[in-house]
Undergrad: 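Below are the structure tokens for one structure; questions will follow.
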Amino acid sequence: MSNRYNIKYSKVLLIYTGGTIGMGCNPQTGVLEPLNFNHLISNMPEFSYIKADVDTYQFSNPVDSSDMSPMMWIQLVNIISERYDQYDGFVVLHGTDTMAYTASALSFMLENLTKPVILTGSQLPIGQLRTDGKENLITSIELASAKNRSGHAIVPEVCIYFSGRLLRGNRSTKQNADGFNAFNSFNYPHLCDAGVGFNFNHHFILKPDFTRPMIPHTKLDPNVVIFSLFPGIQENIVRHVLDAPELKGIVMRSYGSGNAPRQEWLLRILRGASDRGVTVINISQCISGCVEMNRYNNGYQLKNAGVISGYDSTVESAATKLMFLQGKYSDNTLIRKDMNRALCGEITI
């Protein structure tokens, strides 16, 4: 596989948003805080050996990923789109806690992406002896540089690279708070496994139209709520949340293959929300598998209440897809239609 890509003359933009990879210890509090990007580079002499030409861009105020927001996703889209023709690929350094949300959002906001946008970070700061940050960063740059014999990017999509795995961004979920194998894509194969060489799974990688331009989208509507069902869930609390007049989209995390308690009050609230134009998406609480509301009667009752299937979507992908579509359309019918089809490989129909 390694003889099918060429990184020698590629140019990559490295975008530093913040996160553990560039953090240092505050001497007063003892907690980790984002540092200046120059600190990250100074702790990585290996940077000078990277074969690609790498330019850097730093957020003026690096952020902990817990503070990531839709406005910052728009900022990232603008950074990438304004420099799209100047670079062969992009690497975004990002904190792990919300990385899957950002990767999912960018996958929808960068329509017909023809170049790699790879998010990575680390579980330990890059200045620490046992850091995973150096390998994650170097390999991400190489993957963002990789081209096939025709000169096209091998992985022209938004991805997450972590601990030897290149994953589709909108299929990824953080699975481990402590281990180096922080991410996985439970409902989709790895796009590449990085060991001594790169083993690309070409069949599973998106194939965009390289003759068409990338179209950036910078309008999002974040009036979305995510809620999980559980035994003992209370009507009054659910009603107060789901009856909010600003609410436009609901991601409901149901049991198993899309089941919910067959209680009339829950079906009535969901039906009322759907009738007033709120899009209600049903995804499973399980980390793998698919919603099939026709399998059991309890799931079928949800379908009759206007709830639509999220298939095998992650919660991160479902929420950001709703924000994207609500920003794009005012017609709920169009939103529901696009939630039921794959825009960029985020669900399997």
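The shown structure was predicted, so the numbers you read here are calculated from the model rather than taken from an experiment.
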Undergrad: Does Gln86, at its CD atom, have more than 12 non-hydrogen atoms belonging to other residues, nucleotides or ligands within less than 6.0 Å?
TA: yes
Undergrad: Indicate if Leu247 and Val307 have the same hydrophobic cluster label, given that clusters are the connected sets of ILVMFWY residues with side-chain heavy-atom separations under 4.5 angstrom.
TA: yes
Undergrad: Would you confirm whether Lys207, through its side chain, and His202, through its main-chain N or O, come within 3.5 Å as a donor-acceptor pair?
TA: yes
Undergrad: Using the side chain to side chain contact (heavy atoms under 4.5 Å, CB included) rule, take Phe227 and Val241 through it: C-alpha gap first, then chi angles, then the decisive distance, then the call.
TA: CA-CA 9 Å; Phe227 85 101; Val241 174; 6.0 Å; no
Undergrad: Within the distance-only criterion (no hydrogens, no angle test), does the side chain of Glu82 pair as donor or acceptor with the backbone N or O of Ile80 below 3.5 angstrom?
TA: no
Undergrad: Examine Val158 and Phe324 and state if one hydrophobic cluster contains both, with Ile, Leu, Val, Met, Phe, Trp and Tyr joined whenever side-chain heavy atoms are less than 4.5 Å apart.
TA: yes
Undergrad: Side chains of Val63 and Met72, heavy atoms from C-beta outward: is any pair under 4.5 Å?
TA: yes
Undergrad: For residues Ser107 and Arg171, is any side-chain donor paired with an opposing acceptor at under 3.5 Å?
TA: no
Undergrad: Donor-acceptor check, side chain of Asp97 to backbone of Ser66, threshold 3.5 angstrom: yes or no?
TA: no
Undergrad: Counting N and O atoms only, with roles assigned by atom type, does the side chain of Asn282 sit under 3.5 Å from a partner on the main chain of Val291, one being a donor and the other an acceptor?
TA: no
Undergrad: Would you mind reporting whether Leu166 and Ile118 have side-chain heavy atoms less than 4.5 Å apart?
TA: yes
Undergrad: Minimum heavy-atom separation for Met293 to Lys303, with atom names?
TA: SD-N, 4.1 Å
Undergrad: Any sub-3.5 Å donor-acceptor pair from Asn187's side-chain atoms to Cys290's backbone N or O?
TA: no
Undergrad: Any sub-3.5 Å donor-acceptor pair from Ser317's side-chain atoms to Ser104's backbone N or O?
TA: no
Undergrad: Would you compute the distance between atom CG of Leu76 and atom OG of Ser81 and round it to the nearest 0.5 angstrom?
TA: 10.5 Å
Undergrad: Hydrophobic clusters here meaning ILVMFWY residues chained together by side-chain heavy-atom distances under 4.5 Å, can you tell me if Leu270 and Val224 are in one?
TA: no
Undergrad: Between Gln234 and Gly232, what is the shortest heavy-atom contact and its length?
TA: NE2-O, 2.9 Å
Undergrad: Between Thr120 and Leu93, does a side chain to side chain contact (heavy atoms under 4.5 Å, CB included) hold up when you go through it step by step?
TA: CA-CA 5 Å; Thr120 194; Leu93 297 182; 3.6 Å; yes
Undergrad: Do Met252 and Met323 share a hydrophobic cluster (ILVMFWY, side-chain heavy atoms under 4.5 Å, transitive)?
TA: no
Undergrad: Between Phe183 and Arg165, which heavy-atom pair has the shortest distance, and what is it?
TA: O-NH1, 3.1 Å
Undergrad: So which of Ser284, Cys286, Pro231 actually passes side-chain contact (heavy atoms from CB on, under 4.5 Å) with Tyr255?
TA: Pro231
Undergrad: Would you say that Asn332 contacts Ser274 through its side chain, given a criterion of any heavy-atom pair below 4.5 Å between the two side chains?
TA: no
Undergrad: If only atom types and distance count, is the side chain of Asp221 paired as donor or acceptor with the main-chain N or O of Asn223 below 3.5 Å?
TA: yes
Undergrad: Apply side chain to side chain contact (heavy atoms under 4.5 Å, CB included) to the pair Leu167 and Phe162, showing each step before the final yes or no.
TA: CA-CA 8 Å; Leu167 312 172; Phe162 235 87; over 6 Å; no
Undergrad: Step by step, work out the side chain to side chain contact (heavy atoms under 4.5 Å, CB included) result for Arg268 and Arg239.
TA: CA-CA 10 Å; Arg268 183 176 65 252; Arg239 187 177 68 251; 6.0 Å; no
Undergrad: Is the side chain of Asn201 donor-acceptor paired with the backbone N or O of His190 at a distance under 3.5 Å, no angle test?
TA: yes
Undergrad: Quiz question: by atom type and distance under 3.5 Å, do the side chains of Ser145 and Asp88 form a donor-acceptor pair?
TA: no
Undergrad: With distance as the sole criterion, is a donor-acceptor pair present between the side chains of Ser65 and Tyr101 under 3.5 Å?
TA: no
Undergrad: Rounded to the nearest 0.5 Å, what's the gap from OH on Tyr161 to CD1 on Ile141? Could you check?
TA: 12.0 Å
Undergrad: Once you round to the nearest 0.5 Å, how far does CG of Leu191 lie from CG of Leu143?
TA: 10.0 Å
Undergrad: Measuring from atom CG of Leu119 to atom CD1 of Ile15, what distance do you get when rounded to the nearest 0.5 angstrom?
TA: 9.0 Å
Undergrad: When you look at CD1 of Ile349, are more than 12 heavy atoms from neighbouring residues, nucleotides or ligands closer to it than 6.0 Å?
TA: yes
Undergrad: Where does the angle between the aromatic ring planes of Phe198 and Phe200 fall among parallel (under 30°), tilted (30 to 60°) and perpendicular (over 60°)?
TA: perpendicular
Undergrad: For Arg262, look at atom CZ and say whether over 12 heavy atoms of other residues, nucleotides or ligands are found less than 6.0 Å away.
TA: no
Undergrad: Do Val91 and Val54 come close enough that some side-chain heavy atom pair is under 4.5 Å?
TA: no
Undergrad: Within the distance-only criterion (no hydrogens, no angle test), does the side chain of Tyr16 pair as donor or acceptor with the backbone N or O of His94 below 3.5 angstrom?
TA: no
Undergrad: List the atom of Asn259, the atom of Ser254, and the distance in Å for their closest heavy-atom pair.
TA: O-CB, 3.1 Å
Undergrad: Of all the heavy-atom pairs spanning Thr218 and Asn78, show the shortest one and how long it is.
TA: CG2-OD1, 3.5 Å
Undergrad: Considering all heavy atoms of both residues, which atom of Leu206 and which atom of Arg168 are nearest to each other, and what is their separation?
TA: CG-NH2, 3.4 Å
Undergrad: Between Asp331 and Lys337, does any NZ, NE, NH1 or NH2 come within less than 4.0 Å of an OD or OE carboxylate oxygen?
TA: no
Undergrad: Once you measure the plane-to-plane angle for Tyr188 and Phe204, does it fall in the parallel (<30°), tilted (30-60°) or perpendicular (>60°) bin?
TA: perpendicular
Undergrad: Side chains of Tyr87 and Asp55: any donor to acceptor distance under 3.5 Å?
TA: yes
Undergrad: Pairing donors with acceptors under 3.5 angstrom, does anything connect the side chains of Asn136 and Ser122?
TA: no
Undergrad: Are Lys321 and Ile281 packed together at the side-chain level, in the sense that at least one heavy-atom pair is separated by less than 4.5 angstrom?
TA: no
Undergrad: Membership question, hydrophobic clusters at under 4.5 Å side-chain separation (ILVMFWY): are Ile308 and Tyr311 in the same one?
TA: no
Undergrad: Working to the nearest 0.5 Å, report the span between CD of Gln263 and CD of Gln301.
TA: 13.0 Å
Undergrad: For the pair Phe210 and His152, name the ring-plane relationship: parallel under 30°, tilted 30 to 60°, perpendicular over 60°.
TA: parallel
Undergrad: For Thr173, does its backbone N or O pair with a side-chain atom of Glu316 as donor and acceptor, under 3.5 Å?
TA: no
Undergrad: Leu229 versus Gln285: any side-chain heavy-atom pair under 4.5 Å?
TA: yes
Undergrad: Nearest 0.5 angstrom please: Ile74 CD1 to Met109 CE, how far?
TA: 5.0 Å
